[in-house]
> 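Encoded as structure tokens, here's the structure I'll be asking about.
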Amino acid sequence: MSNNTININDANLKKFKWLGKLVIPLLILLFVFAALTPFTTIPAGHVGVASLFGKVDTTELTEGFHIINPLKKIQKIDCRNKELTLVDVGVPSQDQLTTDVDVTVKWRVDHNQAAEAVQDTGDVAALETVHLTPKLRSLIREAGKGIKNAE
């Protein structure tokens, strides 16, 4: 009969301990790297606007993959065409009567001015309510002043 015993010496154990001391920190480092997500992807038709502690970066991130500072927050702005419809907008005419009109406007955020728009208003929804809707109502009322009769 042969004696099948496993001979483990101290040199082999030291190799495994050294390997364990290297692998564990590497796994922790890899986990922290993945958790911080130092990258982002911007989908087609969008622009990324980065901000760090509330300060908006003036350069927009184009479509595609980007490596970023993991502390930055990326807001993805949709730059595709949108429609804004105003229903029953009162338009005064020169004869002091009001006519209700429905207006639809096609609009989009300019790729080159997305960072400025975010800095001024916060997001695209605020762009529509803060800038676009009041300006459109004002333009409609100004156009109505040229109408003599509300008929």
Side-chain angles (χ1 to χ4, degrees), residues 12-151:
N12 287 336
L13 283 176
K14 287 181 182 178
K15 284 182 188 176
F16 287 120
K17 285 182 181 179
W18 178 80
L19 185 63
K21 288 180 182 179
L22 178 66
V23 169
I24 303 270
L26 284 176
L27 288 175
I28 291 172
L29 185 64
L30 183 65
F31 176 75
V32 168
F33 180 77
L36 290 176
T37 59
F39 52 86
T40 188
T41 55
I42 307 297
H46 290 70
V47 166
V49 177
S51 64
L52 180 63
F53 303 122
K55 184 178 184 296
V56 176
D57 194 0
T58 57
T59 57
E60 292 86 2
L61 298 173
T62 58
E63 302 166 345
F65 181 80
H66 298 276
I67 296 175
I68 59 165
N69 180 347
L71 298 177
K72 285 188 177 181
K73 293 185 181 181
I74 305 298
Q75 188 173 3
K76 296 172 184 168
I77 306 296
D78 188 359
C79 293
R80 296 176 290 187
N81 290 337
K82 297 174 196 60
E83 285 187 358
L84 171 65
T85 301
L86 299 178
V87 181
D88 294 334
V89 178
V91 178
S93 61
Q94 289 179 0
D95 61 357
Q96 301 300 324
L97 295 175
T98 303
T99 303
D100 290 334
V101 247
D102 298 341
V103 177
T104 300
V105 175
K106 290 190 178 202
W107 68 283
R108 65 184 174 92
V109 176
D110 185 13
H111 285 82
N112 300 321
Q113 295 178 340
E116 182 182 338
V118 168
Q119 193 170 13
D120 289 344
T121 59
D123 61 357
V124 174
L127 265 177
E128 193 172 296
T129 58
V130 171
H131 291 290
L132 189 60
T133 303
K135 183 70 174 174
L136 182 58
R137 287 184 186 274
S138 174
L139 288 172
I140 292 170
R141 289 195 178 107
E142 283 297 317
K145 289 181 181 178
I147 299 173
K148 291 186 181 186
N149 294 327
E151 297 174 351

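Residue numbers count from 1 along this sequence.
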> Is any side-chain heavy atom of Val101 closer than 4.5 Å to a side-chain heavy atom of Ile140?
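With C-beta onward as the side chain, the pair touches.
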> Is any side-chain heavy atom of Ile42 closer than 4.5 Å to a side-chain heavy atom of Lys76?
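With C-beta onward as the side chain, the pair touches.
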> So how far is it from Ile77 CD1 to Arg108 CZ, rounded to the nearest 0.5 Å?
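Rounded to the nearest 0.5 Å, the CD1-CZ separation comes out at 14.5 Å.
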> State whether the number of non-hydrogen atoms from other residues, nucleotides or ligands found under 6.0 Å of Phe65 atom CZ is greater than 12.
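Correct, the count exceeds 12.
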> Considering only heavy atoms from C-beta outward, does the side chain of Leu61 approach that of Ile74 to under 4.5 Å?
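Yes - at least one pair of side-chain heavy atoms lies under 4.5 Å apart.
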> Nearest 0.5 angstrom please: Phe39 CZ to Ile68 CD1, how far?
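Rounded to the nearest 0.5 Å, the CZ-CD1 separation comes to 9.0 Å.
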> Can you tell me how far apart NZ (Lys72) and NE2 (His66) are? Round to the nearest 0.5 Å.
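Between atom NZ of Lys72 and atom NE2 of His66 there are 12.0 Å.
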> Take atom CD1 in Ile67; do more than 12 heavy atoms of anything else shown fall under 6.0 Å from it?
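Not more than 12 within 6.0 Å, no.
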> I'd like to check Leu52 versus Asp57 (side-chain heavy atoms, cut-off strictly below 4.5 Å). Are they in contact?
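They are not in side-chain contact.
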> So, does Gln75 use its side chain to make a donor-acceptor pair with the main chain of Val118 at under 3.5 Å?
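A pair under 3.5 Å: no.
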> Show me, pair by pair, the donor-acceptor contacts under 3.5 angstrom made by side chains of residues 79-89, not counting sequence neighbours?
unit_1 : atom_1 : unit_2 : atom_2 : d
Arg80  : NE     : Asp78  : OD1    : 2.9
Arg80  : NH2    : Asp78  : OD2    : 3.3
Lys82  : NZ     : Asp78  : O      : 2.8
Lys82  : NZ     : Arg80  : O      : 3.3
Thr85  : OG1    : Thr104 : OG1    : 3.2

> By side chain to side chain contact (heavy atoms under 4.5 Å, CB included), which residues pair with His131, not counting sequence neighbours?
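With neighbours one apart ignored, the set is Thr121, Leu127.
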> Could you measure the distance from the CD atom of Glu60 to the NE2 atom of His46? Nearest 0.5 Å is fine.
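One gets 14.5 Å once the value is rounded to the nearest 0.5 Å.
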> So, taking the atom named CG in Asp110 and the one named CD in Glu116, what distance separates them when rounded to the nearest 0.5 Å?
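Here the interatomic distance stands at 10.0 Å.
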